[in-house]
Every structure is written in structure tokens, then in C-alpha cells.
Amino acid sequence: MKIAVQSEDFDLNVELARMRESRKDIGALVSFVGLVRDVNDGETVSQLTLEHYPGMTEKALQAIVADAASRWAVLDATVLHRVGSLQASEQIVLVAVASAHRDQAFKACEFIMDYLKTQAPFWKKELTASGERWLDDKESDHDAQKRW
Amino acid sequence: MKIAVQSEDFDLNVELARMRESRKDIGALVSFVGLVRDVNDGETVSQLTLEHYPGMTEKALQAIVADAASRWAVLDATVLHRVGSLQASEQIVLVAVASAHRDQAFKACEFIMDYLKTQAPFWKKELTASGERWLDDKESDHDAQKRW
Amino acid sequence: MKIKIFYFARLKETLKFSSEDLELPDTELSVLKLKGVLAKRSEVWQKMLLGSLKVRGAINHELVDDQALIVDGDEVAFFPPVTGG
Amino acid sequence: MKIKIFYFARLKETLKFSSEDLELPDTELSVLKLKGVLAKRSEVWQKMLLGSLKVRGAINHELVDDQALIVDGDEVAFFPPVTGG
């Protein structure tokens with residue numbers, strides 16, 4: 001398991017190669033990469049700033065991954081989340097899950113993302129032509145988390 | 001959309017970079033990579049050979065991707081499937097889906113995999129210590145396809 | 001009518017046929033009836049096409065069931081359930 | 001009791017506080033009561049902590065609700081609903 005909060009970008013190939021090297025019984029690798037969209041709520045986003053709670057973030061992510069691993073047959077998992085200032089199209093977050101079978105990997109990966117969205121202490125601020133704005137949480141994200 | 005059947009390996013980073021370059025409104029990239037497991041049904045697998053029906057395979061994959069795109073907000077999709085002889089840990093298949101939102105990308109990616117498993121004309125033959133064996137289809141794959 | 005038939009995977013290996021051109025007296029024929037015609041060739045053909053193996057059929061690159069009708073010029077294929085991915 | 005409080009995102013920006021060490025006469029205090037203590041500081045504090053903004057609390061890096069009890073030495077944090085990912 002690898003969990004990190006970082007300002008640097010990440011390389012999906014490097015992360016998946018590490019997971020694949022660790023064991024030969026992996027049959028399915030499901031990855032989620034979240035990107036900065038250029039438009040949000042109808043406004044052009046020129047920059048996204050991510051703040052987090054340093055003492056708490058990695059613990060929260062570890063708890064989420066441990067929860068996923070207790071529900072599904074997770075062989076390995078990687079969660080990387082960037083903080084600081086990002087431009088449109090940049091990578092924000094990576095969640096990768098390795099399992100013997102695809103249904104387990106899909107479920108665990110989606111579960112981790114749904115929990116990360118509602119439980120991990122990150123906050124996004126967008127810069128648009130009308131100035132800076134902190135993003136509000138979305139009801140759809142709370143609904144997504146509650147279904148598990 | 002990119003759909004290909006090939007004997008060469010593929011590079012996930014290259015595929016995702018191409019998808020990301022095509023448009024700036026992608027917020028979620030979900031990828032599935034299927035690997036050759038070293039053990040299947042209790043036997044060590046030294047080689048996996050994939051046969052397909054050249055005239056039909058790409059058409060079947062295109063139909064599956066079109067079906068997914070009619071159900072969810074798919075901005076772009078890539079399906080690459082290898083044929084020929086593969087060793088343990090090698091990549092077999094890539095399904096990558098780009099969407100504005102993660103739930104759409106997760107669903108479309110899993111849907112494509114479930115349909116590919118039961119509708120696309122590929123056949124696997126394993127080489128183990130006891131010789132060659134064609135794999136049988138799995139009830140769990142048919143169930144996975146029927147739930148959509 | 002003239003049709004082309006492809007065989008894949010276990011069927012191809014066991015029947016030792018990957019494809020054939022076939023001329024038949026019929027103007028149309030169901031997939032099941034074509035299986036019956038082919039099954040008369042030998043015990044192996046009988047076993048592979050009408051035995052316990054689940055044989056899937058395709059006409060012109062579309063998966064079809066046993067009742068689907070084959071007409072002149074069609075490309076037919078027989079194969080076991082698919083196992084890719 | 002002595003506690004440490006962190007503020008994040010909109011709260012940090014508006015309150016112009018990222019963290020503080022606070023000494024209180026109580027031996028334990030609910031999260032809601034601590035919000036009430038802080039809200040007395042000014043109208044801005046009142047609005048940010050007890051207004052329409054949904055303020056989440058954490059004690060020692062665990063998300064908690066308003067009834068959770070804070071004791072001496074705890075690290076408390078207040079922030080808006082999270083929006084990462």
C-alpha cells in the first residue's frame with residue numbers, strides 16, 4: 001500500500017509498475033485519475049488550489065484504504081493526492097487498486113474515491129475571471145458515499 | 001475513440017495522454033488493465049495464448065463502446081486487446097474511459113469490460129505443467145454482464 | 001447457396017478446420033440446421049457441434065442464436081463461449 | 001485545559017487564523033460548546049462557526065460530530081465540508 005499527499009505530479013505508469021512487480025497474482029488493475037477541468041459550474045477555471053490538513057490527511061486516507069481492503073480482496077493499493085496550485089488538465093488524484101479479479105478492483109477503487117471525496121480533509125479553491133471561490137461539497141458525493 | 005486488437009504491448013501513459021490532449025473538460029479517467037496471472041484454478045500458468053476472430057472482434061468492441069457511450073456521458077474511450085502468446089504478468093487488455101464525472105467513467109469502464117468478457121470473440125488457452133487447456137467461460141462473467 | 005464457415009479455438013483445433021467454403025442445396029437454413037448438416041460428417045463433428053460443448057454462432061460478424069437464418073453469401077462462424085479480457 | 005485549534009479553507013481565510021493555542025477553565029467541553037465559546041469573539045466568528053456554513057470538526061485527526069467531547073491536550077480542527085478528489 002502506498003499513500004501520499006504531495007505537491008509534485010505523479011506518473012501512473014511508475015505506480016502501476018511498482019504494484020505489478022510486487023506480486024504475480026494480480027489479474028486486474030483499476031485506476032482512477034482525477035483531472036482539473038477547464039470549466040466548472042459554467043465558469044472557466046484558470047487555477048485550482050488544494051489545501052489540506054497535514055496531520056490528518058494521510059491518516060484519513062489510510063483508514064479509507066484499510067476499510068476497502070476489509071471489504072474486498074485488495075492485493076495492493078495506491079492513493080496519491082496533490083496539494084498546492086494546479087492548472088487545467090493537471091492531475092489531482094490517483095487511486096489504483098490491484099486484485100485477482102476485476103469486480104473486486106472496480107468496487108474497491110470506486111469506494112476509495114467516494115470516501116476520499118467526503119472524508120479526507122482536502123479543500124479546493126478555484127480561480128476564475130470573477131475571482132477566487134472555495135468549492136462547496138456536493139450532495140451527489142454524499143449520496144455516492146452512503147450507498148456502500 | 002480508439003479500439004484496437006494487437007499483438008504488441010500497450011503503454012497506459014501514452015493512451016491516457018492522448019485522451020487528455022483531445023479535450024480539457026475531462027475530470028475523470030478510469031482505466032482497467034487486465035494482466036496474465038501466474039496461477040489459475042490452482043495451476044501455474046507459464047503461457048497464455050489469445051485467439052480471436054479478426055473480422056468480428058473490432059466490430060464487436062465498437063458496438064460495446066457505442067452502447068456504453070449511449071448510456072453514460074463518455075467523452076472518450078480506448079479499448080486495446082492483445083492477441084498471441086503472453087507470459088505471466090503481461091498486459092492483456094486496456095479499457096480507459098474519460099468523462100467529466102467519476103461515476104460515469106467508472107460505470108462505462110466496468111460495463112465495457114463486462115460486455116467484452118462475454119461478447120467479444122477472444123479465446124484463451126493456458127499452458128500449464130499438465131499441458132494446454134482452453135479456458136471455459138465463467139458464470140460470474142455472464143452474471144456481471146446481465147446486471148446492466 | 002454458397003456460404004463461408006469459420007471455426008475458432010477448441011472447435012478449430014479438434015475439427016482441424018479453420019474455415020471452409022460450403023455449397024448447400026437450400027436457399028436458407030437455420031444455424032441449428034447447419035449444425036445438423038455438419039454433424040453428419042463424423043462422430044467428432046457430431047460431438048463438437050451438437051454435444052455438451054456450448055457452441056456459439058455468428059452470422060456476418062454478429063452473435064446469433066440457433067434459430068437465426070443463414071442465406072447465400074453469408075459468413076458463418078462457430079466457436080466456444082468467449083473468454084477474452 | 002489547554003487545547004490546540006486549527007482552521008482550514010474558508011474558515012482560515014475569513015477568521016484570519018490558521019491555528020491557536022487556547023486555555024479554557026473546563027475539564028471537558030463538547031465541540032458545540034467550544035464553537036459557542038469561539039463565536040463570542042465577534043460577529044464574524046459567530047457567523048462562521050454558528051451560521052449557515054456547515055462546519056465540520058475533528059478531534060485528534062478524527063472527524064467528529066458536535067456532541068464529541070474535547071479534553072486537555074486535544075488537537076481540534078474546524079473546517080468546511082471537504083472537497084478533495
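Lettering follows sequence order; numbering is per chain, from 1. Computed over heavy atoms, backbone and side chain alike; hydrogens, waters and symmetry mates excluded.
Checked against a 6.0 Å centroid threshold, the rings of Phe106(B) and Phe106(A) do not count as neighbours.
When every heavy atom of Pro121(B) is checked against every heavy atom of Met56(B), the shortest pair comes out as CG-CG, 3.7 Å. Considering every non-hydrogen atom in both Phe111(B) and Ile64(B), the closest pair reads CE2-O, 3.8 Å.
Proximity of Val65(A) to Ile3(A): side-chain heavy atoms (C-beta onward) are separated by under 4.5 Å at one or more points. In this structure the side chain of Val39(A) never reaches within 4.5 angstrom of the side chain of Val45(A), judged on heavy atoms. Contact annotation: the side chain of Val93(A) never approaches that of Val33(A) to less than 4.5 Å [non-hydrogen atoms, C-beta and beyond].
In terms of heavy-atom pairs under 4.5 angstrom with chain A, the leader among Ala88(B), Cys109(B), Gly27(B) is Gly27(B). Considering only heavy-atom pairs separated by less than 4.5 Å from chain B, the leading option among Ala144(A), Ala100(A), Ala105(A), Gly34(A) is Ala100(A).
In this structure, the separation between CG on Leu80(B) and CZ on Phe10(B) is 6.5 Å, given to the nearest 0.5 Å.
Contacts between Leu16(A) and chain B at a heavy-atom distance below 4.5 Å involve the side chain alone, from C-beta outward.
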Just by distance, which donor-acceptor pairs between chain A and chain B come in under 3.5 Å?
unit_1    : atom_1 : unit_2    : atom_2 : d
Asp11(A)  : OD1    : Asn13(B)  : ND2    : 2.8
Asn13(A)  : N      : Asn13(B)  : OD1    : 3.3
Asn13(A)  : OD1    : Asn13(B)  : N      : 3.3
Asn13(A)  : ND2    : Asp11(B)  : OD1    : 2.8
Arg20(A)  : NH1    : Gln91(B)  : OE1    : 3.3
Arg20(A)  : NH2    : Ser89(B)  : O      : 2.6
Lys24(A)  : O      : Asp38(B)  : N      : 3.1
Lys24(A)  : NZ     : Ser89(B)  : OG     : 3.4
Gly27(A)  : O      : Leu35(B)  : N      : 2.9
Leu29(A)  : N      : Val33(B)  : O      : 2.9
Leu29(A)  : O      : Val33(B)  : N      : 2.9
Ser31(A)  : N      : Ser31(B)  : O      : 2.9
Ser31(A)  : O      : Ser31(B)  : N      : 2.8
Val33(A)  : N      : Leu29(B)  : O      : 2.9
Val33(A)  : O      : Leu29(B)  : N      : 2.9
Leu35(A)  : N      : Gly27(B)  : O      : 2.9
Asp38(A)  : N      : Lys24(B)  : O      : 3.1
Ser89(A)  : O      : Arg20(B)  : NH2    : 2.6
Ser89(A)  : OG     : Lys24(B)  : NZ     : 3.4
Gln91(A)  : OE1    : Arg20(B)  : NH1    : 3.3
Arg102(A) : NE     : Asp114(B) : OD1    : 3.0
Arg102(A) : NH1    : Asp141(B) : OD1    : 2.9
Arg102(A) : NH2    : Asp114(B) : OD1    : 2.8
Arg102(A) : NH2    : Asp141(B) : OD1    : 3.2
Asp114(A) : OD1    : Arg102(B) : NE     : 3.0
Asp114(A) : OD1    : Arg102(B) : NH2    : 2.8
Asp141(A) : OD1    : Arg102(B) : NH1    : 2.9
Asp141(A) : OD1    : Arg102(B) : NH2    : 3.2

